There are 2 protein chains.
Amino acid sequence: MPTLAEVAEKAGVSIATVSKVLSNTPYFTEETRRKVMSAVEELGYLPNLAARALSSGKTHLIGVVFPYVYEGIFTDPLVQYILEGVEAECNERGYNILLSTPRLNPDGPDENYRRLLRSSYLDGIVALDNVPLSSVLSPDLRKNTPAVAIGYGDHPNYVRSDDLQGSTALMEHVISLGHRRIGILTVDESLHYSIQMRHVGLDQVAEEAGLNYAHLPKYDRGDFSIASGMQGASALLEQYDDLTALVCINDRMALGAIQQVQKMGLKVPDDITIVGYDDILSAQLFSPALTTIDQRAPELGHRAAQMLFALLNNENPDSVVIPTQLRVRESSAPPKVSRQ
Amino acid sequence: MPTLAEVAEKAGVSIATVSKVLSNTPYFTEETRRKVMSAVEELGYLPNLAARALSSGKTHLIGVVFPYVYEGIFTDPLVQYILEGVEAECNERGYNILLSTPRLNPDGPDENYRRLLRSSYLDGIVALDNVPLSSVLSPDLRKNTPAVAIGYGDHPNYVRSDDLQGSTALMEHVISLGHRRIGILTVDESLHYSIQMRHVGLDQVAEEAGLNYAHLPKYDRGDFSIASGMQGASALLEQYDDLTALVCINDRMALGAIQQVQKMGLKVPDDITIVGYDDILSAQLFSPALTTIDQRAPELGHRAAQMLFALLNNENPDSVVIPTQLRVRESSAPPKVSRQ
DNA sequence: GTATAATAGTTAAACGCTTAACTACTATTT
DNA sequence: AAATAGTAGTTAAGCGTTTAACTATTATAC
């Protein structure tokens with residue numbers, strides 16, 4: 001690959017002049033520009049990005065971080081949409097994306113990841129940070145690099161989906177339909193801040209309606225998967241056969257639950273209401289179509305990236321909470337009089 | 001950030017010695033190692049990756065490239081699985097992923113992307129390269145960097161899904177059920193090599209069964225979306241109301257087609273058979289569950305990455321064609337006698 | 001007891017760029 | 001006409017590594 005020096009020689013100027021022309025720093029003539037550009041053209045010169053990074057301290061690389069919280073993390077719709085949003089913003093500004101998916105150990109994210117972050121090789125970071133046990137953006141890790149968190153970690157700059165408002169709307173919907181015997185299908189809440197927030201929302205609405213949330217039948221050994229939704233529904237209904245509604249912490253578990261109760265001979269929503277959270281593609285396509293919460297994930301990625309670039313621009317952007325949208329579809333209905 | 005020089009000073013040795021210790025290059029005493037390591041520890045030294053890249057010529061960065069062929073490219077299941085497979089392999093070897101999603105213009109991928117590739121900043125590239133109009137891995141672009149293509153571009157090293165075998169199996173399934181009046185829902189084949197291959201498979205099997213493929217009713221203005229599947233089904237059935245089967249070029253169009261024919265009062269599969277290609281999550285969950293082709297996308301990513309690392313290791317890996325698997329589900333059945 | 005080889009460490013060049021500091025010249029101001 | 005400011009370009013230092021070439025010391029061979 002040709003270097004600045006070769007271009008300079010061919011153009012008959014110094015390498016500083018070439019650098020100036022290429023970076024449009026003032027003080028050169030049109031004549032010089034032409035000489036330089038035609039030398040660049042002829043040689044097919046391209047700047048060496050490593051050298052540029054070393055010299056300028058800027059890599060034009062944005063880290064996008066998703067902790068590896070479960071197998072198949074890239075099939076998580078949240079991940080897809082965030083990636084899409086961040087990519088769009090970066091592409092527009094000529095930045096590249098370095099994708100990192102650290103494995104989480106009890107003592108923090110993996111070594112490679114920690115080195116990467118602390119080495120300040122990245123110009124900025126957007127991280128999905130919702131795992132209480134091990135933050136991918138702890139103060140120690142992010143101190144060298146501007147960062148935006150998507151989630152509930154304790155960061156100065158964050159973008160969040162309004163899980164409280166979403167779960168509130170979901171539970172209000174179910175209760176306003178007339179349901180009182182409600183089962184909850186969820187996961188270990190220590191896994192996720194946003195799940196914790198959803199619980200808070202469910203709890204508040206339940207209490208307001210005179211239900212003791214802590215005493216509602218609960219299956220909390222799910223892992224977000226369809227299979228664990230089936231298991232959960234099966235376990236709950238075996239023990240509490242009078243439930244008229246199942247509120248699920250995500251769509252995949254809800255879809256599993258629907259399949260399971262149908263297998264058990266119940267009709268959704270006639271015999272039992274089932275609702276989810278996320279509004280994945282299958283939620284609309286499934287029969288019955290799933291009542292769920294759209295957390296508008298594409299927005300999360302866009303806003304997070306915009307905030308990061310504002311930060312890089314030395315502005316002081318405000319953190320953002322993005323409201324969700326209840327999608328009422330076919331899987332929820334008032335309880336049957338006979339089972340009520 | 002502390003540098004090698006500071007570590008060297010603190011440890012009382014030269015920077016070359018520190019470098020040797022850190023890279024485990026022979027010829028230092030245990031005593032020296034201890035001094036160096038404790039200096040590293042105390043200062044919290046981390047290598048400057050830009051400097052390392054400049055000096056060594058290796059960035060430890062693998063480019064993963066998906067051309068931006070349509071909006072929402074990251075929700076494409078193929079993309080997700082490939083990303084997942086490549087990430088797993090890179091993570092294991094301590095490489096990072098640079099994600100690039102070039103926009104395609106008639107005269108090639110966008111400028112930024114071309115500069116990135118030709119600048120040889122990446123140690124290697126895995127690219128989804130299936131767009132005839134504009135390769136993201138043309139000889140000109142990849143000449144500086146080892147690369148593996150996923151797709152049908154003319155590359156020395158590639159991984160492909162066996163679209164010919166997949167489409168053959170799909171069409172054989174439909175025809176062996178007894179269907180003769182078959183409609184095809186597809187997209188402009190100039191968009192995609194793998195779509196072209198699927199057409200070839202459908203064609204061969206049709207001809208073998210005595211059907212003239214070119215004369216089969218065809219809707220080819222789809223764009224992979226559910227909506228275009230609905231449109232296509234509607235358009236075809238309006239003109240040819242005696243069709244007993246619709247073969248769709250991907251699952252999302254197939255799911256759209258099913259919804260459309262149901263809306264028109266037809267039952268799937270009783271009145272009409274509909275099959276897809278891809279085996280996305282919704283294909284299993286949909287009711288009726290979709291008969292389709294599983295192209296085992298996770299394998300594509302894994303194999304491509306393995307091949308790339310073999311290349312980096314100066315081996316001569318063979319290109320790979322990965323067989324697909326027919327998934328027979330509920331949406332296909334023999335034609336009704338009355339409509340046959 | 002000398003030649004040879006192996007070990008331990010240092011020096012300094014190289015990677016290719018950015019940019020502060022400088023020179024030299026021309027144009028403007030007073 | 002001298003002082004000042006602006007323009008065009010050069011020189012050289014610096015970014016933080018890696019690594020080839022070197023020196024110095026110690027061990028081994030004969």
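These numbers come from a predicted model, not from an experiment. Below, chains carry the letters A, B, ... as their sequence lines are ordered, and counting in each starts from 1.
One interatomic measurement links the two molecules: OH of A:Tyr45 to C1' of C:dG16, which rounds to 7 Å at whole-angstrom precision. Between the P atom of C:dT19 and the NZ atom of A:Lys58 lies a distance of 10 Å, rounded to the nearest Å. Rounded to whole Å, atom P of C:dT11 lies 15 Å from atom CG of B:Leu4. Between B:Arg33 atom CZ and C:dG9 atom P the separation is 12 Å, expressed in whole Å. The distance from atom CG of A:Leu22 to atom P of C:dT18 is 8 Å, rounded to the nearest whole Å. If you take CG of A:Leu54 and P of C:dT19, they are 12 Å apart, rounded to a whole angstrom. Rounded to whole angstrom, the span from the CG atom of B:Leu43 across to the P atom of D:dG16 amounts to 14 Å. Between the CD atom of B:Glu30 and the P atom of C:dA8 there is a distance of 11 Å, rounded to whole Å.
Looking at heavy-atom distances under 4.0 Å, A:Pro47 makes contact with sugar-phosphate atoms alone, never a base. Residue B:Ile15 is in base contact, counting any heavy-atom pair closer than 4.0 Å across all strands shown.
Taking the six-membered ring where tryptophan is involved, the planes of A:Tyr95 and A:His60 are essentially parallel, since the angle between them stays under 30° and well short of 60°. Between B:Phe74 and B:Phe66, the two ring planes are perpendicular [angle over 60°; tilted spans 30° to 60°].
Within 6.0 Å of atom NZ in B:Lys58, 12 or fewer heavy atoms from other residues, nucleotides or ligands are found, so the atom counts as exposed in its surroundings.
Picking from D:dT17, D:dT10, C:dC17 the nucleotide with the shortest atom distance to the side chain of A:Lys20 gives D:dT10. Counting only heavy atoms from C-beta on, A:Ala16 has its side chain closest to D:dA12 among D:dA12, D:dG16, D:dT19.
Taking 4.0 angstrom as the limit, B:Ser14 places a side-chain polar atom (N or O) nearer than this to OP1 or OP2 of C:dT10. For C:dG9, the OP1/OP2 oxygens have a side-chain nitrogen or oxygen of B:Thr32 closer than 4.0 Å. A close approach under 4.0 Å does occur between a side-chain nitrogen or oxygen of B:Thr29 and OP1 or OP2 of C:dG9. Side-chain N/O atoms of B:Ser19 include one lying less than 4.0 angstrom from OP1 or OP2 on D:dT18. Contact annotation: A:Tyr27 side-chain N/O to D:dA8 OP1/OP2 distance is not under 4.0 Å. Look at B:Thr17 and you'll find a side-chain N or O under 4.0 angstrom from OP1 or OP2 of C:dT10.
Side-chain contact of B:Tyr193 with B:Asp163: a donor-acceptor pair under 3.5 Å is absent, judged by distance alone.
Sequence order on DNA chain D of the closest nucleotides to B:Arg52 and A:Phe28 puts A:Phe28 first from the 5' end.
B:Val13 has its side chain within reach of B:Val18: a pair of non-hydrogen atoms, C-beta onward, lies under 4.5 Å apart.
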